[in-house]
Amino acid sequence: MRCAIMQPTYLPWLGYFELMLSSDVFVYFDDVQFVSKSWQQRNRIKTATGELMLTVPVLKKGEHEQVINQTLINNQENWRRKHLGSIENSYRKAPYFDHYIDGIREIYARDFTKLIDLNVALNEFVRAKVGITTPVKYSSQICPPAERNARIVDICHKIGATELYDAAGAEAILDLDYYKKNNVKMIFQHYNHPIYKQQFGEFLPYMSAIDLLFNEGEKAKEIIISGGIND
């Protein structure tokens, strides 16, 4: 059985959902350290003037004291209206705008306190519309915190996974011998970003997956899959 273990990301790109699609179980790594100005709290959409970074403001604690599932949104800032307004203005003329915007509006209308709840709500919306049925679990519900490599192996063993499917960048930071010794086969994603129909001139890769949904609708799943290259 293959699993993917990823931090809960805000409006993730296509490769995130390819990891989910190509796994038997997807685990949100929700109780590891929050990293400020990372994809945990921000992502990109395409506008008429180029890419726009949407960032969810958070209440910060000490540099090493904040885990993802305890990170609070700073709702003193009017971020929800700004983010939704940017999405509506950028995609209102996209072919599938009317198919998805009501669901996105409903999510942004909720009073989220924690960043993880916002991220997971948006991710669940996207994966449902794409047609991803991979079961989802949370690291915090599987086993207690430990050293990173040991923790990941423990998660794999607890859920019965013999393969770990991870982003290509993880290859440089994981102890590959440790995984081999503990009977977890590492498979790394090398995503060849697909080109799809997109508004506003020249194609921009690495946008949030909602860019794909608004522009290609029901073709999203096959487009996401088309970029997957793993070894």
Side-chain angles (χ1 to χ4, degrees), residues 4 6-23 26-28 30 39-48 51-58 68-69 71-75 77-138 194 196-200 204-227:
M6 298 294 293
Q7 297 164 1
T9 298
Y10 181 63
L11 292 173
W13 73 301
L14 276 57
Y16 191 94
F17 291 101
E18 196 279 328
L19 286 165
M20 191 180 288
L21 266 166
S22 298
S23 300
F26 185 87
V27 179
Y28 282 118
D30 67 318
W39 302 120
Q40 296 164 18
Q41 69 176 126
R42 65 181 185 175
N43 228 306
R44 298 172 286 206
I45 61 171
K46 187 179 182 185
T47 75
E51 70 173 54
L52 173 66
M53 187 73 76
L54 301 178
T55 302
V56 181
V58 300
I68 296 172
N69 63 12
T71 298
L72 303 179
I73 299 172
N74 183 359
N75 284 312
E77 296 189 28
N78 192 18
W79 66 273
R80 287 187 299 169
R81 193 172 85 174
K82 291 179 181 177
H83 286 207
L84 181 58
S86 295
I87 291 169
E88 290 179 336
N89 290 337
S90 298
Y91 295 107
R92 67 175 66 257
K93 293 184 178 180
Y96 294 91
F97 178 78
D98 291 335
H99 288 67
Y100 304 113
I101 193 58
D102 285 346
I104 290 176
R105 284 172 178 154
E106 187 276 327
I107 292 172
Y108 279 104
R110 299 183 206 172
D111 292 323
F112 292 103
T113 300
K114 293 182 178 180
L115 179 64
I116 187 173
D117 295 331
L118 168 67
N119 289 356
V120 170
L122 287 166
N123 291 355
E124 289 298 296
F125 173 82
V126 172
R127 86 184 194 108
K129 298 305 180 183
V130 170
I132 302 172
T133 58
T134 305
V136 168
K137 297 180 181 292
Y138 294 81
Y196 54 86
K197 294 178 183 177
Q198 200 180 58
Q199 299 182 102
F200 312 127
L204 285 180
Y206 309 112
M207 299 296 104
S208 166
I210 64 170
D211 183 84
L212 174 63
L213 278 179
F214 283 130
N215 285 297
E216 292 281 13
E218 67 275 4
K219 296 179 183 177
K221 185 175 183 178
E222 63 183 80
I223 291 171
I224 291 171
I225 292 171
S226 71

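- A heavy-atom distance below 4.5 Å is not found between the side chains of Ile68 and Leu115.
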Practice problem: Report the C-alpha distance between Arg127 and Val136 in whole Å, list the side-chain angles of each, state the deciding distance to 0.1 Å, and finish with yes or no for side-chain contact (heavy atoms from CB on, under 4.5 Å). | Solution: CA-CA 11 Å; Arg127 86 184 194 108; Val136 168; 3.6 Å; yes
Quiz prompt | Stepwise side-chain contact (heavy atoms from CB on, under 4.5 Å) test for Trp79 and Leu54 | solution = CA-CA 9 Å; Trp79 66 273; Leu54 301 178; over 6 Å; no
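- Closest approach of Lys221 to Gly131, counting heavy atoms only: NZ-O, 3.2 Å.
- The only option from Phe26, Tyr28, Trp39 that meets the side-chain contact (heavy atoms from CB on, under 4.5 Å) definition with Met6 turns out to be Phe26.
- Here Leu204 contributes atom CG and Lys46 contributes atom NZ; the two are 4.5 Å apart, rounded to the nearest 0.5 Å.
- How far CG of Leu84 is from CD1 of Ile101: 5.5 Å, rounded to the nearest 0.5 Å.
- Gly227 and Pro194 get closest at one heavy-atom pair: CA-CD, 4.1 Å.
- Of all the heavy atoms in Leu21 and Ile225, the pair that sits closest is CD1-CG1, 3.8 Å.
- The line from CD of Gln7 to CG of Asn69 is 11.5 Å long, rounded to the nearest 0.5 Å.
- Side-chain contact between Lys114 and Leu72 is present, with at least one heavy-atom pair separated by less than 4.5 Å.
- Here the closest non-hydrogen pair linking Gly217 and Tyr96 is N-CD1, 3.3 Å.
- For the residue pair Gln199 / Lys93, no side-chain donor-acceptor distance below 3.5 Å is found, with atom types taken as modelled.
- Listed here is the closest heavy atom pair of Ala121 and Phe112: CB-CZ, 3.8 Å.
- Side-chain contact between Tyr100 and Val126: absent, with no pair of heavy atoms (C-beta onward) separated by less than 4.5 Å.
- Counting only distance, with no hydrogens or angles, the side chain of Thr134 and the backbone of Met20 share a donor-acceptor pair below 3.5 Å.
- Side-chain contact check for Pro12 versus Asn123: some heavy-atom pair is nearer than 4.5 Å.
- Judged purely by distance below 3.5 Å, without hydrogens or angles, the side chains of Tyr196 and Asp211 pair a donor atom with an acceptor atom.
- The shortest side-chain heavy-atom distance between Arg44 and Met53 falls under the 4.5 Å cut-off.
- Checked for salt-bridge contact, Glu222 and Lys219 miss the test: no charged N lies under 4.0 Å from a carboxylate O.
- The closest donor-acceptor contact from the side chain of Glu18 to the backbone of Ile224 lies at 3.5 Å or more, if one exists at all.
- Checked against Glu88 for a salt bridge (Lys or Arg N to Asp or Glu O under 4.0 Å), the options Arg105, Lys82, Arg81 give a single hit: Arg105.
- To the nearest 0.5 Å, the span separating CD on Glu218 from CD1 on Ile223 amounts to 9.5 Å.
- Here Leu213 contributes atom CG and Ile104 contributes atom CD1; the two are 7.0 Å apart, rounded to the nearest 0.5 Å.
- Looking at Tyr10 and His83, their side chains come closer than 4.5 Å, going by heavy atoms from C-beta outward.
- With rounding to the nearest 0.5 Å, the separation of CZ in Arg80 from CD1 in Ile107 is 12.5 Å.
- Contact of the Ile45 side chain with the Met207 side chain is not registered, since no non-hydrogen atoms from C-beta on lie closer than 4.5 Å.
- The shortest non-hydrogen separation linking Asp30 to Pro8 is CA-CD, 4.2 Å.
- A donor and an acceptor atom, one from each side chain of Tyr91 and Asn215, are nowhere located under 3.5 Å apart.
- Looking only at side-chain heavy atoms (C-beta outward), Phe125 and Ile210 stay at 4.5 Å or farther from each other.
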